[in-house]
Amino acid sequence: MNLYKYVSEAINNKLGFEAKLDVPKNRDFGDFSTNAAMVGAKNAGKNPRELANEYLPLLKELDFVADVSIAGPGFINIKIKDDFILQNATAPKQMVSEKPLTIDMDYGAYNVAKSLHIGHLRTSIVGDTFNRITKFLGHKTFSWNHIGDWGKPMGLIIAWIERLHPELPYFQNDFDPSKPVDYEIDEKELNNYYPQASALSKTDSVFQARAQEIKAKFQAGHPGYFALYEKFLAISLRTMNNTVKRLNILPFDYDLGERNAAKYLEPVEKILREKNMIVEDDGAQIINVKRDTDNAPIPPYMWRDSRGADTYDSTDLAAVYCRKLKDNPDTIIYFTDLRQSLHFEQLFRAADMAGIYPYDKFEHIGYGTINGKDGKPFKTRDGNAAGLDDIIDIANEAVSARVAESGKKLDSETIKTIALAAVKFNDLLHDVKSDYIFDPSSITSFEGKTGPYILYTAVRLNSVLKRAGAQISKPEQFELSTEERNLLIEIMDFERTILSAYENRATDMIANYAYDLCQLTNNFYHNCPILRDDIPENIKAGRLYIAKLAFDTLATAIDLMGLKIPDEM
RNA sequence: GCGCCCAUGGCUCAAUUGGAUAGAGCAACAGAUUUCUAAUCUGUGGGUUGCAGGUUCGAGUCCUGCUGGGCGCGCCA
């Protein structure tokens, strides 16, 4: 049961108006409070406490109310009956939305032939958790991995391979796509090609020009380049798949990126031309998206660069067109780096002006940077920009060391599970918008507010439940201890939290909730022994029931965060 | 220069979107295990919420101005 919702509706019915219900920061005040008397006092021409006094008898009539009182300037504090809590607490279940929406989510955005870097971490983790939450609430989602598989890097990589192996048939005029080519690319080598080529292009203008030429021919359908591209694309897709598995995120509904979007450039251009939106400027074709009301200059949207090539701007707009056709979503949400805000503002305006998709149905959730302890973007010990694998490796090493130190013996799968939880929970814990500091040494400690703490709590509960073995059913009335009561109330707050996390696009809410739930659980665990001989049967049954509810609730939260509960730790 | 974002104990972060005595974790110190996993639990100290005004019953939260920091501003994605 969503206790907040239940109580709120009952109170509104009783009072005959919408009273804003709060959960007091200080639990000593009560389970709920409302400032209705303070808000209404002015209109009623009464002082708040006086008005509150008029509401009291009505609220006392509600059958779940144990106590109502007035405090401070006119707050009404409400305490719920223990037995009502015990009898109505339930573990969360997949919900059915009254107004199910179709939502397109764009996250991940992995690149072909470029290993994933630390920036991919947040888009993957936050996007995935938001996707899971949205599904849990009963909405329909489509996740899009908008792969970078069409732009300048493709030209650079092909040019680089040409430089290494100019004799390959891909580069000959008589290339025949039907004949197999005896050439295999090593995955590790492939990951080096782009950085190497990119570096060279900055110092060697001949090579740079060659890469640009190749990019243009490639996009125009050059058969040799395309065959080579297909070869390294296949390797990259496999790598991406491994990443998805390694991060334990849901498989994408679409692994379709720029190349797919490029197919829709033609119909989009037709629309843009009909509306006279494309303007020639300085050799490039641009779309003017500025408005009179802007208080800052908004640069134009680049439809085609001065060499006539597709751009990030054009494929992104075409991608919107494609999604509208395929999914017809109520909303399109992008999870990317905060620094791309201006790009998305431009995209949303362009799409709106073209009548492809309305401005106010787009959302861009920009996340901050993951920094090192020095406050600058996180780097590995050797001073390089950290790759996604580096982060996971660092966490794995730390967990291994911690386990060895404790004398426990855990298999490598369990260690990986714990390490991933450390990284993901830490990421989810922070407000998406703000930068955060990734400190490997605090990951090493695993004390307190960490992923391992969350998992440990679940493992402990699970251990008791397994040991108990007995059938667990709703107990008869028994006197709740403070720990039992607080835990049950938190369990009944799950739905409100998830809804709030969804509405605010704030995945950190679920991480913070999971932590609070764990604290209360460990409190309960410590103070309320279950399987001890001196515990009366009725209390034993009651505590087992509460432990089961806590476990199921925690397990749901853990699942929504994309973590896994190990068997032991 | 213009625009967006941020500033909360020594450190890292919260604060139900305007509510009551600003909460957690780390670090420090003191304690708890004949008992279901001590990666746990309990306690202590630590704050003029960057500065100055304003709005109101009430401000960390909203408005204005400063100071300090991050980011962005046409052919990268």
Side-chain angles (χ1 to χ4, degrees), chain A residues 4 20-26 28-29 33 35 38 41-42 47-48 71-75 77 109 111 148 151-153 198 258 281-286 294-307 309 311-313 315-316 336-343 345-346 366 368-369 371 373 375-376 399 402-403 406 408 418 426 429-431 433-437 439 441-442 445-450 452-453 455-457 459-468 493 496-497 500 504 508-509 512 515-516 519 522-523 525-527 529-535 543 547 568-569:
Chain A
Y4 175 87
K20 191 188 169 226
L21 195 67
D22 283 324
V23 178
K25 278 182 200 159
N26 189 340
D28 294 341
F29 288 126
S33 73
N35 58 7
M38 284 144 78
K42 204 175 253 179
N47 84 53
F75 289 102
N77 292 322
N111 293 312
K152 181 175 158 190
S198 177
E258 296 166 348
D281 189 287
D282 212 5
Q285 292 173 14
I286 61 162
D294 289 333
N295 48 7
I298 302 285
Y301 202 60
M302 300 294 298
W303 178 251
R304 233 171 259 287
D305 69 20
S306 42
R307 285 186 203 83
T311 65
Y312 177 49
D313 289 358
T315 50
D316 256 15
T336 80
D337 194 303
L338 199 58
R339 286 173 288 197
Q340 293 190 38
S341 299
L342 181 57
H343 165 72
E345 177 63 25
Q346 293 174 290
T369 313
N371 290 329
K373 284 182 89 169
K376 292 179 181 150
V399 175
R402 178 71 175 79
V403 169
S406 73
K408 288 183 182 173
I418 298 170
N426 183 250
L429 194 56
H430 294 86
D431 178 10
K433 294 185 295 295
S434 55
D435 299 348
Y436 77 84
I437 292 179
D439 176 8
S441 71
S442 81
S445 78
F446 296 127
E447 308 298 328
K449 205 165 183 176
T450 63
Y453 174 80
L455 297 189
Y456 179 71
T457 309
V459 168
R460 267 180 136 187
L461 276 180
N462 208 10
S463 168
V464 177
L465 293 170
K466 270 194 264 182
R467 190 176 289 250
D493 205 31
R496 185 176 75 103
T497 306
S500 194
N504 291 293
D508 58 310
M509 285 182 153
N512 278 302
Y515 178 72
D516 291 343
Q519 273 200 319
N522 281 315
N523 228 299
Y525 186 91
H526 197 260
N527 291 299
I530 303 170
L531 305 175
R532 215 170 60 183
D533 292 342
D534 61 329
I535 304 297
R543 287 179 177 170
E568 56 169 345
M569 65 184 280

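Since this is a predicted model, take the numbers as computed values, not measurements. Labels below follow one simple rule: chain letters A, B, ... track the order of the sequence lines, proteins then strands, and each chain is numbered from 1.
With a 3.5 Å ceiling on both atom-pair distances, the Watson-Crick or G-U wobble partner of B/G23 is B/C13. Within the shown strands, nothing qualifies as a pairing partner of B/C76 under the Watson-Crick or G-U definition with both distances less than 3.5 Å. Base pairing of B/U40 is made with B/A32, judged by Watson-Crick or G-U wobble geometry with both donor-acceptor distances under 3.5 Å. The partner of B/G60 is absent, by the rule that a Watson-Crick or G-U pair needs both atom distances under 3.5 Å. As the counterpart of B/U67, B/A7 is assigned, both hydrogen-bonding distances of the Watson-Crick or G-U wobble pattern falling under 3.5 Å.
Taking atom C1' on both B/A24 and B/G9, the two are 12 Å apart, rounded to the nearest angstrom. Rounded to whole Å, the P atom of B/A7 lies 23 Å from the corresponding atom of B/G54. Comparing B/G69 with B/G25, their C1' atoms sit 25 Å apart, to the nearest whole Å. A gap of 30 Å separates the P atoms of B/G47 and B/U55, to the nearest Å. Atom C1' of B/A30 sits at a distance of 38 Å from the matching atom of B/C6, rounded to the whole Å.
Nucleotide B/U16 holds its P atom 9 Å from the NZ atom of A/K20, rounded to whole Å. With rounding to whole Å, A/H526 atom NE2 is found 8 Å from B/A38 atom C1'. Rounded to whole Å, atom P of B/A14 lies 7 Å from atom NE2 of A/H430. At whole-Å resolution of the value, CG in A/D28 and P in B/A22 are 14 Å apart. Rounded to an integer number of Å, the gap from A/E345 CD to B/G72 P is 17 Å.
In this structure, B/U17 is classed as syn because its glycosidic torsion stays within 90° of zero. Using a 90° window around 0 for the glycosidic torsion, B/G31 falls outside it and is classed as anti.
Judged by distance alone with a 3.5 Å cut-off, a donor-acceptor contact links the side chain of A/R532 to the base of B/U35. Contact annotation: side chain of A/N295 to base of B/G3, donor-acceptor pair absent below 3.5 Å. One N or O donor and one acceptor, one from the side chain of A/S306 and one from the base of B/C75, sit under 3.5 Å apart. Between the side chain of A/N77 and the base of B/A20, a donor-acceptor pair under 3.5 Å is found. For A/D439 against B/U12, no side-chain N or O and base N or O form a donor-acceptor pair under 3.5 Å. Checked by distance alone, A/S33 brings a side-chain donor or acceptor within 3.5 Å of a matching partner on the base of B/A20. In terms of polar N and O atoms assigned as donor or acceptor, the side chain of A/K408 comes within less than 3.5 Å of the base of B/A39 in a complementary pairing. Interface remark: the A/N47 side chain does not form any donor-acceptor pair with the B/C57 base, using a distance-only criterion of under 3.5 Å.
In the set B/G70, B/C71, B/U16, the nucleotide with an atom closest to the side chain of A/R339 is B/C71. Comparing atom distances between the A/Y525 side chain and each of B/A14, B/C75, B/A38 picks out B/A38 as nearest. Proximity note for A/Y515 (side chain, C-beta onward) versus B/C76, B/G19, B/G25: the nearest is B/G25. For A/S463, whose side chain is taken as the heavy atoms from C-beta onward, the closest listed nucleotide among B/U21, B/U37, B/A77 is B/U37. Among the nucleotides B/U37, B/A39, B/C73, the one closest to any side-chain atom of A/P452 is B/A39. For A/P297, whose side chain is taken as the heavy atoms from C-beta onward, the closest listed nucleotide among B/G74, B/C2, B/A39 is B/C2. Taking only side-chain atoms of A/E258, from C-beta outward, the nucleotide of B/U40, B/A77, B/G3 with the closest atom is B/A77. The side chain of A/E447 lies closest to B/C26 when the candidates are B/U17, B/C26, B/C36. Picking from B/G19, B/G3, B/G74 the nucleotide with the shortest atom distance to the side chain of A/D281 gives B/G74. Closest to the side chain of A/I437, out of B/U12, B/U40, B/A20, is B/U12.
Dashed line: the shortest gap from a side-chain N or O of A/R460 to OP1 or OP2 of B/A39 is not under 4.0 Å. The phosphate of B/G25 (OP1 or OP2) has a side-chain N or O of A/Q519 nearer than 4.0 angstrom. Considering only side-chain N and O atoms, A/N522 lies nowhere under 4.0 angstrom from the phosphate OP1 or OP2 of B/A38. Listed pair A/Y456 / B/A39 meets the phosphate criterion, a side-chain N or O lying under 4.0 Å from OP1 or OP2.
If you check every strand for non-hydrogen atoms under 4.0 Å, A/K25 touches a base. Among the atoms of the strands shown, base atoms are found under 4.0 Å from some heavy atom of A/A71. Using a 4.0 Å heavy-atom criterion, one finds that A/D282 contacts the bases of the nucleic acid, with or without backbone contacts as well. Residue A/M509 is out of contact with every strand shown, counting any heavy-atom pair closer than 4.0 Å. A/N523 comes within 4.0 angstrom of the backbone, heavy atoms only, and of no base. Residue-level contact check: A/L342 touches the backbone only, with heavy atoms under 4.0 Å from sugar-phosphate atoms and none from bases. Across all strands, A/K376 comes closer than 4.0 Å to no nucleic acid atom at all (heavy-atom distances).
Both cation-pi conditions hold for A/R496 and A/Y4: the charged atom is under 6.0 angstrom from the six-membered ring centre and inside a 45 degree cone around its axis.
Side-chain contact between A/R543 and A/P529 is present, with heavy atoms from C-beta onward closer than 4.5 Å.
The nearest heavy atom of RNA chain B to A/R496 and to A/V459 marks one nucleotide each, and the one closer to the 5' end goes with A/R496.
In this structure, A/P48 and A/G74 approach most closely via the heavy-atom pair CB-CA, 4.3 Å.
Per the stacking criterion (ring centres < 5.5 Å, plane angle < 30°), A/Y453 does not stack onto the base of B/A39. A distance cut-off of 5.5 Å between ring centres, combined with a plane angle under 30°, places A/F29 in a stacking arrangement with the base of B/A20.
In this structure, A/E568 has no salt bridge (Lys or Arg N to Asp or Glu O under 4.0 Å) partners at least two apart in sequence or on a different chain.
Remark: the A/D22 side chain and the A/S33 side chain contain no N/O donor-acceptor pair separated by less than 3.5 Å.
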